[in-house]
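Handing you this structure, nothing more for now.
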Amino acid sequence: PSIPITPVSRIENTATNTGIYAVWQAGFLESRLITVAGLRRDRNDSGITRRDLREQTLTQENPQPKTDETGQFGLTLRVLDGLSIYALRADGLQPNFEGQMDLEGRPIEAVRARSEELGIKFDIRDGWLSGRISAYRIRQSGVPVFYFWAPSPAKGRFDPARPIIYNVANFTPWAAPGGSNGGNGAADAALAEWEAAVGSGAAFQRSANGNLNWYLDASRAEGAAYLDAVFASTARTGGWAGWLFSYDEHTNHASMDWASPEATAFQAFATGDEESSGWEAQIVASPVQGWQLVASYAQTKRRLLNSGKFPRYPYPQDRWAIWYFPESAWGLSGYPLDEAYEDPSDTATWRGLGYGAGESRDDTPLHAASLWSVYRFDSGLLKGLSVGLGGQWESGREYFSGVTDGGGQIVLDPQGRRVVLRTQSRLSMDGMLRYEFTGPAASICSIQLNVFNMLDDQDLYGLLYAPGVSARLGLTVVY
């Protein structure tokens, strides 16, 4: 290659979690009431060292260790013989072992979760019919969410004491010598403003990486007027105006402090909250000797409570930063500036509009059910033979939420609506034959045949095809 490959950065992160816990269990009222209580104290210690090998700088983040206390409490009350009610509340932590950092350059704290469950257990006629029915809610807070275009003040590449300089090689009118743009006409409509910027010296050419590029000084009135005109036109008409946010040795703009790892040595994350709730039932029945039925059903509702928050970026004078760009898939995400932000001069007031708050954004099916039946012959010529048949059914899954995982971009259809894709519902049937016998040296042997997907489903579900029918034959010997 004409430009040699050289190391750009090195990141070292460490994360340590230590914990101490205690659990207490007791029975009351002749063990009709059983209680369980637990307490756990976690110490999470993390550190990150970033080396920028281009500028020969070293930065370290070693926050004070964070101590968190979580607990659980549950009780079971036997109302009648064979009928109990129970309740459980438990907290949990998921430490940041990946070394992920937030938009302010600090290691992200552990994700916290709280679950609450209320249910009944029953057992009729010593196992003739038994099971559990429960309702639950699980809430997680501090879940990392990545938006490549989010403000990350910790990057610190923008120098507010210098003029705001943009590389506009792909953001000029076509009439500019060597110029180009995205093709929506916004730059060409601002030709008068461009010519005024060129005439005043606010628009100028410099060489970078062997290329002669156009640059714009947005700190000067003529440069600011050109960018204002292109932004306003794009906000009215839509379309792609061009890429404004390149960076090189001549640029100095707030967008250099974005969350993307391209601008410096680390990738920065916002954090959001999500919740799952629903109810489930599991029932086991033994109608006659040797026959067992196992059935289950779950209804799961998953909601994104909020899609993350931005920190306050301290230099609002760069009003053309990438988080203010009038793009339908990121930046303002198709909303007017005063709707996307409560206060456009304060990025911490970003509302997260269009990013699925209140929606699932997950592939968990709303409904899922299963039924499995096994009959074992305990006498006669078929003694030792077991026959099983069952299946699983689920409602459609959301396999694309309309927000990309890789960068937090919205994907829209031609009508400007966010694209949300779901699979069709799915039914799968399985079967089993098992024969158990006594082998040599009093060993217990069994031969088992399993047949999966007996309906030979090969339909497309989202991005994957069902595998079709398959079988497995196994021999087990136990001494």
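The chain is numbered in sequence order, starting from 1.
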**Request:** Consider only side-chain N and O atoms of Asn184 and Thr234, and report whether a donor and an acceptor are under 3.5 Å apart.
**Result:** yes
**Message:** Please find the pair of heavy atoms, one from Pro65 and one from Arg43, that lie closest to each other, and give the distance.
**Reply:** CG-NH2, 3.2 Å
**Message:** Measuring from atom CE of Met256 to atom CG of Asp159, what distance do you get when rounded to the nearest 0.5 angstrom?
**Reply:** 9.5 Å
**Request:** Identify the heavy atoms of Phe266 and Ala154 that sit nearest to each other, and give their distance.
**Result:** CZ-CB, 4.2 Å
**Prompt:** For the rings on Trp174 and Trp194, is their centre-to-centre separation under 6.0 Å?
**Reply:** no
**Prompt:** Is there a donor-acceptor contact under 3.5 Å from the side chain of Ser200 to the main chain of Ala196?
**Reply:** yes
**Item:** side chain to side chain donor-acceptor pair (under 3.5 Å) between Arg139 and Ser141, intermediate numbers included
**Value:** CA-CA 7 Å; Arg139 178 171 291 189; Ser141 59; over 6 Å; no
**Message:** Nearest 0.5 Å, please: how far is OG in Ser84 from CG in Leu77?
**Reply:** 7.0 Å
**Request:** Measure the CG-CD1 distance between Asn44 and Ile108 for me, rounded to the nearest 0.5 Å.
**Result:** 13.0 Å
**Message:** Before you tell me yes or no, could you show the steps for Thr300 and Tyr136 under side chain to side chain donor-acceptor pair (under 3.5 Å), namely the whole-Å CA-CA distance, both residues' side-chain angles and the distance that decides it to 0.1 Å?
**Reply:** CA-CA 9 Å; Thr300 305; Tyr136 69 92; 3.3 Å; yes
**Prompt:** For the ring pair Phe171 and Trp214, is the centre-to-centre distance below 6.0 Å?
**Reply:** no
**Message:** Please check: side-chain N/O of Ser180 versus main-chain N/O of Ala169, any donor-acceptor pairing under 3.5 Å?
**Reply:** yes
**Prompt:** Can Val23 and Val36 be said to form a side chain to side chain contact (heavy atoms under 4.5 Å, CB included), step by step?
**Reply:** CA-CA 7 Å; Val23 178; Val36 177; 4.1 Å; yes
**Exam field: side chain Thr347 to backbone Pro311, donor-acceptor pair closer than 3.5 Å** = yes
**Message:** Check this for me: does any side-chain nitrogen of one of Arg132 and Glu280 sit under 4.0 Å from a carboxylate oxygen of the other?
**Reply:** yes
**Request:** Decide, yes or no, whether a salt bridge links Arg418 with Glu359 under the criterion of side-chain N to carboxylate O below 4.0 Å.
**Result:** yes
**Message:** In this structure, is the centre-to-centre distance between the rings of Tyr166 and Tyr215 below 6.0 Å?
**Reply:** no
**Asked** What do you reckon, are the aromatic ring centroids of Phe146 and Phe148 less than 6.0 Å apart?
**Response** no
**Fill in**
Taken to the nearest 0.5 Å, the spacing of Thr172 OG1 from Leu216 CG works out to 10.5 Å
**Request:** Tell me, with the steps shown, if Ser360 and Asp362 meet side chain to side chain donor-acceptor pair (under 3.5 Å).
**Result:** CA-CA 5 Å; Ser360 172; Asp362 184 79; 4.9 Å; no
**Within 6.0 angstrom of Glu109 CD, more than 12 heavy atoms from elsewhere** = no
**Message:** Would you compute the distance between atom OG1 of Thr251 and atom CG of Asn167 and round it to the nearest 0.5 angstrom?
**Reply:** 7.0 Å
**Request:** Take Phe325 and Trp330, measure what ring pair (Phe, Tyr, Trp, His ring centres under 6.0 Å) needs, and give me the verdict at the end.
**Result:** CA-CA 8 Å; Phe325 192 68; Trp330 42 269; 5.3 Å; yes
**Asked** Given Arg89 and Glu116, is the salt bridge (Lys or Arg N to Asp or Glu O under 4.0 Å) satisfied, shown in steps?
**Response** CA-CA 4 Å; Arg89 192 188 76 177; Glu116 299 167 328; 5.5 Å; no
**Prompt:** Step by step, would you call Val294 with Leu371 a side chain to side chain contact (heavy atoms under 4.5 Å, CB included)?
**Reply:** CA-CA 6 Å; Val294 180; Leu371 177 64; over 6 Å; no
**Prompt:** Which heavy atom in Thr423 sits nearest to a heavy atom in Gly462, and how many Å separate them?
**Reply:** CG2-N, 3.3 Å
**Request:** Evaluate the side-chain proximity of Asp273 to Gln140: yes if any heavy-atom separation is below 4.5 Å, no if none is.
**Result:** no
**Request:** Using atom types as modelled and distance alone, determine if a side-chain donor or acceptor of Asp91 lies under 3.5 Å from a backbone N or O of Arg114.
**Result:** no
**Request:** Please check if the side chain of Glu327 supplies one atom and the backbone of Ala329 the other of a donor-acceptor pair under 3.5 Å.
**Result:** yes
**Fill in**
Here the pair of heavy atoms bringing Glu249 nearest to Ser207 is OE2-O, 4.0 Å
**Message:** So, applying ring-ring contact (aromatic ring centres under 6.0 Å, His included) with Trp350, which one of Tyr324, Trp323, Trp149, Tyr335 is it?
**Reply:** Trp149
**Asked** Side-chain contact, heavy-atom cut-off 4.5 Å: Phe204 with Ile165?
**Response** yes
**Request:** Go through the steps for Gln282 and Ser296 under the test side chain to side chain donor-acceptor pair (under 3.5 Å), then give the verdict.
**Result:** CA-CA 4 Å; Gln282 297 176 340; Ser296 68; 5.9 Å; no
**Message:** Ring of Tyr399, cation from Arg422 - is the NZ or CZ under 6.0 Å from the centre and inside 45° of the axis?
**Reply:** no
**Request:** Please test Arg303 against Leu305 for side chain to side chain contact (heavy atoms under 4.5 Å, CB included), starting from the C-alpha separation and ending with a verdict.
**Result:** CA-CA 6 Å; Arg303 271 194 320 138; Leu305 299 179; 3.3 Å; yes
**Asked** OG/Ser246 to CG/Asn170 distance, rounded to the nearest 0.5 angstrom?
**Response** 7.5 Å
**Asked** Tell me, do Trp393 and Ser370 make a side-chain contact under 4.5 Å, heavy atoms counted?
**Response** no
**Request:** Return the orientation label for the Tyr313 and Tyr315 ring planes: parallel under 30°, perpendicular over 60°, tilted otherwise.
**Result:** perpendicular
**Prompt:** Taking everything shown except Phe28 itself, do over 12 heavy atoms lie less than 6.0 Å from its CZ?
**Reply:** yes
**Main-chain N/O of Tyr21 paired with Arg40 side-chain donor or acceptor, under 3.5 Å** = no
**Request:** Answer with yes or no whether the side chains of Asp228 and Trp320 bring together a donor and an acceptor at under 3.5 Å.
**Result:** yes
**Message:** Determine whether a donor-acceptor pair (N or O, by modelled atom type, separation under 3.5 Å) exists between the side chain of Thr271 and the backbone of Pro144.
**Reply:** no
**Check: Lys155 side chain, Trp258 main-chain N or O, donor-acceptor pair, under 3.5 Å** = yes
**Asked** Tell me, do Met101 and Arg106 make a side-chain contact under 4.5 Å, heavy atoms counted?
**Response** no
**Asked** Is the Tyr147 ring parallel, tilted or perpendicular to the Phe310 ring (thresholds 30°, 60°)?
**Response** perpendicular
**Request:** Would you check if Glu398 and Asp363 make a side-chain contact, meaning some heavy-atom pair closer than 4.5 Å?
**Result:** no
**Prompt:** For the side chain of Ser134 and the backbone of Leu118, is there at least one donor-acceptor N/O pair under 3.5 Å apart?
**Reply:** no
**Message:** Less than 4.5 Å apart, side chain to side chain, heavy atoms only: is that true for Glu275 and Arg302?
**Reply:** no
**Prompt:** Are side-chain N/O atoms of Tyr247 and His253 paired as donor and acceptor at under 3.5 Å?
**Reply:** no
**Message:** For Thr67 and Asp42: C-alpha separation, side-chain torsions, deciding distance, then whether side chain to side chain contact (heavy atoms under 4.5 Å, CB included) applies.
**Reply:** CA-CA 6 Å; Thr67 300; Asp42 285 84; over 6 Å; no
**Item:** Taking every non-hydrogen atom, the tightest pair across Arg157 and Asp257
**Value:** N-OD1, 2.7 Å
**Message:** On a heavy-atom basis, which atom in Leu103 and which in Ala268 lie closest, and how many Å separate them?
**Reply:** CD2-CB, 3.7 Å
**Item:** Under 3.5 Å: donor-acceptor pair, side chain of Arg426, backbone of Asp457
**Value:** no
